[in-house]
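Taking it in order: structure first as C-alpha cells, then the write-up.
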Amino acid sequence: MFSVSVSLRSLFPSLFLLLLTIIVSAAAAEYLKLPLVHKTPHTSPLQTRLSLLNGRRHHHHGQTLKSPVISGASSGSGQYFISLHLGSPPQPLVLVADTGSDLIWLSCSACKNCSLRSPGSAFLARHSTSFSPHHCFQSTCRLLVPHPSPNPCNHTHLHSPCRYEYEYADGSVTAGFFSKEIITLNTSSGQQVELKDFHFGCGFKNTGPSITGSSFNGAHGVMGLGRGPISFSSQLGRRFGNKFSYCLMDYTLSPPPTSFLIIGGEANHDVRMNPKMSFTALLTNPVSPTFYYIAIKSVYVDDVKLRIDPLVWSIDELGNGGTVIDSGTTLTFLAEPAYRKILAAFKRRVKLPSPAESILGFDLCVNVSGVSRASFPKLSFELVGNSVFSPPQSNYFIETSERVKCLAIQPVNTGSGFSVIGNLMQQGFLFEFDRDKSRLGFSRNGCALP
C-alpha cells in the first residue's frame, strides 16, 4: 500500500518501540506462524478499484511467530487477511496484511450496549478492560509523526488522548486514538500467544473507498508490516527476531490453500535453510522510510533483454522512483517507460484474438476460448545481487472474465511515484524480509501446504 505520490488504479476488488511481554499458554514456540487466508471469489476479482496505499510521504536469533494469511477474495477483496484477537475478553478481528504501511489500525466503536455475540465490523473498546489510549504528551504518541492529527494535544485538557490521522493515496482516511491493548494470536500449532502493550490505532472515523468499500469487505482494519517502529513486524521483531516471511498461495485454487505469515529469527524454519533461496538488497529511501525497496537492473521477455534506461528504476533526489514490494497492492505497477517496452514485447509475441469488448483498465487482453492451455511469454526481472525473479505466467496474465485473460501490470507516470510488485506477482513464492541484513530472499520452494 503505497505513497500518496502515486495515484493507483488497481482493479482487483479484493490484499518496537517497546519490548512486548509474551505469555504463551503452552511451551514457548520457536516461531510464531499466523495464517494468511485468501478465499475463492464469488465473482471476477477485477471489477472495482483498490487504493489502500500509505498516503503521507516523509520529506539475533529468536523465537518465531507463524500465522495463517487469509485471502479476502470470497468477499470481493484482492487482499490477504490475518486473524487475531484483541482486548479482555478477546474480540476476534481480521486485518489486511500490508507491507506498504506501518500503522496497525482497526475500526473502533465506543458504544456501550453493543452485543459481542452478533457479527460486528468494529472493535468494541468499551467492552475491553485492558484498552487504554496513549496520552498525547507520551513519547509513544510522537512515534506517529508525521501521522498524528494536526493538533494531537488539546492543551485545555491535561488528559487528552493521542489522536492520529492516517491518509491513503485515494484520499481515504482513518482517524482516532493511538492506543494499547492485549493481543492474542492463535498459532497454527494450537498455541495461544498473548502480547501486552500492543500499540495500534483505534479508528473512530474511517472514510473513503479504500477502507470502507468493496475492496475492504471482510476486514476490520490494516496490519502494517512496514519498516517503521509502530508496525506489526517492528513491535514483534525484538522478541522474535527482526525478520519475517510469507507465502501467498494462488487464490484461484479450489479449495483455497492457506498461506502463512512467519514472524521471527528463523523465518525460513519450514524450508530448512532453503538452498534455492535467492537474495537481493533491501534499499532505503529517506523520503519514504516505510517501504521495502528493491533494485531492478533489467527486464527480459522470453529471455530477451529489453532496452530500458536503467535510470527508469532509480530513486531520484526527491525520493521518487524505485521499486517496492507490497503485499497490500494487488496488481503490479511499473514506471511508464518500462511498462511501454514490456507491453510492446508482449503484443509482438501474443497471437491470440482480442475479446469482443475491451476490458477497462487493461491494455492487453486476449480471448482464450477454444485454447486448452494458453501460453504466454516468459517475464523475468534481473535484480541487484545477480538474482532473477521469474514469476509464472499465471502471476501476470489473469482471468478478468470468462475465457478472457489480461496482462495484470499497469503503468506509473515517471516522476510521480514508484513501481510496485503487487501480491498477484508474488504468488507461489516464499519471501523473506531480513531487516537486520537488509535483504529480501525469495524462492519458488518452501510454499508447499503444511
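Since the model is a prediction, treat every value here as computed from it, not as a measurement. When a residue number appears, it is its place in the shown sequence, counting from 1.
A side chain to side chain contact (heavy atoms under 4.5 Å, CB included) with L84 is found for exactly one of T184, L195, V193, I183, namely I183.
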### Query
Does the side-chain contact (heavy atoms from CB on, under 4.5 Å) test come out yes or no for V388 and L383, once each step is laid out?
CA-CA 6 Å; V388 178; L383 309 178; over 6 Å; no
### Chi angles and distances behind the side-chain contact (heavy atoms from CB on, under 4.5 Å) call for Y300, V304
CA-CA 5 Å; Y300 294 79; V304 176; 5.8 Å; no
### Message
Between T140 and H134, does the side chain to side chain donor-acceptor pair (under 3.5 Å) criterion hold? Intermediate values first, please.
### Response
CA-CA 7 Å; T140 46; H134 290 295; 3.2 Å; yes
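Using a 4.0 Å cut-off between charged side-chain N and carboxylate O, E382 and K297 make a salt bridge.
In this structure Y339 satisfies the ring-ring contact (aromatic ring centres under 6.0 Å, His included) test with no other residue, sequence neighbours excluded. Contacts of D302 classified as salt bridge (charged side-chain N to carboxylate O under 4.0 Å, His left out), with partners at least two apart in sequence or in another chain: R349. With sequence neighbours excluded, the residues that form a side chain to side chain contact (heavy atoms under 4.5 Å, CB included) with R439 are F279, D434, K437. By the ring-ring contact (aromatic ring centres under 6.0 Å, His included) test, F376 is found to be paired with F397, residues two or more places apart in sequence or in another chain being considered. Looking at residues two or more places apart in sequence or on another chain, you find a side chain to side chain donor-acceptor pair (under 3.5 Å) between S380 and S390. Every residue meeting the side chain to side chain donor-acceptor pair (under 3.5 Å) condition with T174, not counting sequence neighbours, appears here in chain and number order: Y164, N206. Every side chain to side chain contact (heavy atoms under 4.5 Å, CB included) that S132 has, sequence neighbours left out, goes to K180. Shown here are the side chain to side chain donor-acceptor pair (under 3.5 Å) partners of E181, two or more places apart in sequence or in another chain: S128, S130. For L306, the side chain to side chain contact (heavy atoms under 4.5 Å, CB included) partners are V299, V301, I308, K341, I342, A345, not counting sequence neighbours. Scored by the side chain to side chain donor-acceptor pair (under 3.5 Å) test, S438 finds no partners at all (sequence neighbours excluded). Under the side chain to side chain contact (heavy atoms under 4.5 Å, CB included) criterion, P391 pairs with F389, N395, Y396, M425, F429, sequence neighbours left out.
Under the 4.5 Å side-chain criterion, counting only non-hydrogen atoms from C-beta, I421 is not in contact with V324. Counting heavy atoms from C-beta outward, S107 and W105 have side chains that approach closer than 4.5 Å. Side-chain atoms of F200 and L106, non-hydrogen and from C-beta on, do get closer than 4.5 Å to each other. Counting heavy atoms from C-beta outward, F442 and L430 have side chains that stay 4.5 Å or more apart. Residues I104 and I230 form no side-chain contact, since every pair of their non-hydrogen atoms from C-beta on lies 4.5 Å or further apart. Contact annotation: the side chain of S419 never approaches that of V412 to less than 4.5 Å [non-hydrogen atoms, C-beta and beyond]. In this structure, V420 and T323 have side chains that are not in contact, with every pair of non-hydrogen atoms separated by 4.5 Å or more. Counting heavy atoms from C-beta outward, S288 and Y293 have side chains that approach closer than 4.5 Å.
Panel note: side chain S327, backbone T99; a donor-acceptor pair is recorded below 3.5 Å. Formation of a donor-acceptor pair under 3.5 Å by the Q410 side chain with backbone atoms of L331 is not found in this model. One N or O on the side chain of N285 and one on the backbone of G319 form a donor-acceptor pair closer than 3.5 Å. Formation of a donor-acceptor pair under 3.5 Å by the D309 side chain with backbone atoms of V312 is not found in this model. Of the possible donor and acceptor atoms, one in the side chain of H220 sits under 3.5 Å from a partner among the backbone N and O of V94. Panel note: side chain E432, backbone S443; no donor-acceptor pair is recorded below 3.5 Å. Checked by atom type and distance alone, the side chain of S234 pairs as donor or acceptor with a backbone atom of G228 at under 3.5 Å.
When ring centroids are compared, F177 and F204 come within the 6.0 Å threshold. Aromatic ring centroids of Y246 and F433 lie under 6.0 Å apart.
Scanning all heavy atoms of the two residues, the minimum distance from F131 to C202 falls at CE1-SG, 3.9 Å. Across K305 and S298, no two heavy atoms sit closer than the pair CE-OG, 3.2 Å. The shortest non-hydrogen separation linking D102 to Y166 is N-OH, 3.4 Å. Between I82 and A97, the closest heavy-atom pair is CD1-CB, 4.0 Å. For the residue pair S233 and Y292, the shortest heavy atom distance occurs at OG-OH, 3.8 Å. Heavy-atom minimum distance, P133 versus P161: CB-CB, 4.0 Å.
Here the straight-line distance linking atom CG of L440 with atom CZ of R435 works out to 13.0 Å at 0.5 Å rounding. Taken from CG in L283 to OG in S314, the straight-line distance is 11.0 Å, to the nearest 0.5 Å. With rounding to the nearest 0.5 angstrom, the CZ atom of R142 is 10.5 Å from the CZ atom of F137. From T290, atom OG1 reaches atom CG of L103 across 10.0 Å, with rounding to the nearest 0.5 Å. Annotation: the span from F178 atom CZ to Q138 atom CD amounts to 10.0 Å, rounded to 0.5 Å. From M223, atom CE reaches atom CG of L261 across 7.0 Å, with rounding to the nearest 0.5 Å.
SG distance check for C141 and C136: not under 2.5 Å.
Within the structure, the salt bridge (Lys or Arg N to Asp or Glu O under 4.0 Å) test picks out no pair touching residues 225-235 (sequence neighbours left out).
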